[in-house]
Amino acid sequence: MSDNKIVFEHAVTTFTHERWDADGQDAPFALEALEEGKILFFPHLSFSLTADEIALLDPTLVDPKRKNISFQPLKNRLTGVAATERIPTVRHLLERYYQDCCRLAAAILPLYRQTLHSPANTLRLHPITAWTNTTSWRKDDSRLHVDAFPSRPTHGQRILRIFTNINPNGENRSWRVGEPFPQLAQRFLPNLGRYSPLNSWLLNKMGITKTRRSHYDHLMLQLHDAMKSDRDYQQYGPQLAVDFPPGSSWICFSDQAPHAAMNGQFMLEQTFFLPPEAMKNPRRAPVKVLESLLHKPLI
Ligand code: SIN
Ligand code: FE
């Protein structure tokens, strides 16, 4: 269906940078594209690994109870490493990736310099196909979705993510990307379940959520689930396949840009949160889009 084709240039903006301490010449252009919900793609921005770090590229290094190895640089908290003797090498790798991501963000997104917060990153060692075959539909990230965390409400904070494919065998990270957020929201909003403040209070009391789910968090989770459980939307909804080769990096607001991970193995991912008010154009934030469609505050 021609309606459902997405043009590459409408979903992805490409940059030629080869360095994490890039010059900021493209900054206004990058900011505009990112806030529109596009993916910023850096085909030549690689993250080099030492021989010791290449030896970490083995799925058995991940604690079998977890999906990924995770690091919170400001708390120096590392979780999910199965082999104790490798902890210092993993910590060093993830700290180094965090520092490079900070340099890149400072250069090409200087407006957010003071406001990006709560950094956390992951080392993703499993092939995507390993978990798509075994998890429930809700956790299956090979279905188009926008990111929303069941246990960690964001209260409208943006989720900014930087990714780097570090596959040593030439394998792409293959994604599908989807339609613009306002179109997505209009499509699914009529079918999303009602918000119950009492239920949110209970989930928080029971320790299922870290803070109380706002109406916004409820809607984003409903949207995430409605997208993933809709077979027709997954198959025929607006989408475009995009390959990220080894040695490339990309950035998006993953709460806004529909995405699905189809193939690949070995990736670094850096998350930052950002208050919507820190955006150049806060009206593009999912919370503002949903509030204007529903004509009421959601936080
Ligand atoms: C996701 O954020 O949905 C998964 C991205 C990936 O693992 O490539
Ligand atoms: Fe996701």
Applying a strict under-4.5 Å side-chain criterion to I, L, V, M, F, W and Y, I'd like to know whether [X] and [Y] cluster together.
X    : Y    : value
L160 : F149 : no
I6   : F253 : no
L93  : I69  : yes
I162 : V12  : no
L31  : L104 : yes

Restricting to non-hydrogen atoms, name the atom on [X] and the atom on [Y] that form the minimum distance, rounded to 0.1 Å.
X    : Y    : value
D243 : S174 : OD1-OG, 2.7 Å
A185 : L290 : CB-CD2, 3.9 Å
L189 : L293 : CD2-CB, 3.7 Å
I299 : G156 : CD1-N, 3.8 Å
A278 : L111 : O-CD2, 3.7 Å
H259 : S254 : CE1-O, 3.5 Å

Quick one: does any side-chain atom of [X] pair with a main-chain N or O of [Y] as donor and acceptor, under 3.5 Å?
X    : Y    : result
D217 : S214 : yes
W250 : P43  : no
Q270 : C101 : no
Q234 : L144 : yes
N165 : F244 : yes
H218 : S196 : no
N169 : E171 : no
R173 : I166 : no
E35  : M279 : no
Q265 : L125 : yes

Nearest 0.5 Å please: distance from the [atom1] atom of [X] over to the [atom2] atom of [Y].
X    : Y    : atom1 : atom2 : value
L123 : N68  : CG    : CG    : 8.0 Å
Q157 : D255 : CD    : CG    : 10.0 Å
L274 : T115 : CG    : OG1   : 5.0 Å
F266 : L56  : CZ    : CG    : 10.5 Å
L192 : H224 : CG    : NE2   : 13.0 Å
W137 : S229 : CH2   : OG    : 4.5 Å

Would you say the ring centers of H17 and H44 fall short of 6.0 Å from each other?
no
Audit row: Y97, F71, ring pair (Phe, Tyr, Trp, His ring centres under 6.0 Å) steps and yes/no:
CA-CA 11 Å; Y97 187 61; F71 181 57; over 10 Å; no
Ion pair present between D58 and R86, side-chain N to carboxylate O less than 4.0 angstrom?
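Looking at D58 and R86, the cut-off is not met.
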Does this structure show an ion pair linking K288 with E277, if we count only N-O contacts that are shorter than 4.0 Å?
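Salt bridge absent between K288 and E277.
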Contact check, side chains of [X] and [Y], non-hydrogen atoms, under 4.5 Å:
X    : Y    : answer
Y216 : Y195 : no
P238 : Y233 : yes
R161 : D147 : yes
Y112 : L34  : yes
Q222 : R194 : no
N121 : L268 : no
F163 : C252 : yes
I128 : W175 : no

Hey, is [atom1] on [X] packed in by over 12 heavy atoms from elsewhere, all under 6.0 Å?
X    : atom1 : value
Q114 : CD    : no
R212 : CZ    : no
F29  : CZ    : no
Q99  : CD    : yes

Evaluate the ring planes of H117 and F273, with Trp represented by its six-membered ring, and classify them as parallel (under 30°), tilted (30 to 60°) or perpendicular (over 60°).
tilted
Please lay out, stage by stage, how D100 and T164 fare under the test side chain to side chain contact (heavy atoms under 4.5 Å, CB included).
CA-CA 11 Å; D100 269 353; T164 301; over 6 Å; no
Mind running side chain to side chain contact (heavy atoms under 4.5 Å, CB included) on K280 and E32 for me, showing each step along the way?
CA-CA 8 Å; K280 177 159 184 257; E32 184 65 27; 4.1 Å; yes
Could you go through the side-chain hydrogen bond (donor to acceptor under 3.5 Å, both in side chains) check for T271 and E269 one step at a time?
CA-CA 7 Å; T271 300; E269 170 272 330; 2.3 Å; yes
Excluding sequence neighbours, so at least two apart, what forms side-chain contact (heavy atoms from CB on, under 4.5 Å) with Q72?
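Scan of Q72 (side-chain contact (heavy atoms from CB on, under 4.5 Å), adjacent residues dropped) gives K75, R77, A120.
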Exercise: do T122 and R124 side chains pair donor with acceptor under 3.5 Å
yes
Could I get the full list of side-chain hydrogen bond (donor to acceptor under 3.5 Å, both in side chains) partners for R283, not counting sequence neighbours?
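Residues passing side-chain hydrogen bond (donor to acceptor under 3.5 Å, both in side chains) with R283: none at all.
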With sequence neighbours left out, what residues match R213 under side-chain hydrogen bond (donor to acceptor under 3.5 Å, both in side chains)?
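Once residues adjacent in sequence are excluded, R213 has no partner under the side-chain hydrogen bond (donor to acceptor under 3.5 Å, both in side chains) criterion.
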Candidate pair I39 and V242, rule side chain to side chain contact (heavy atoms under 4.5 Å, CB included), full reasoning
CA-CA 10 Å; I39 292 177; V242 181; 5.9 Å; no
Could you walk me through whether I251 and F15 pass the side chain to side chain contact (heavy atoms under 4.5 Å, CB included) test, one step at a time?
CA-CA 11 Å; I251 308 181; F15 296 85; over 6 Å; no
Between D225 and K228, does the salt bridge (Lys or Arg N to Asp or Glu O under 4.0 Å) criterion hold? Intermediate values first, please.
CA-CA 5 Å; D225 289 0; K228 281 190 174 176; over 6 Å; no
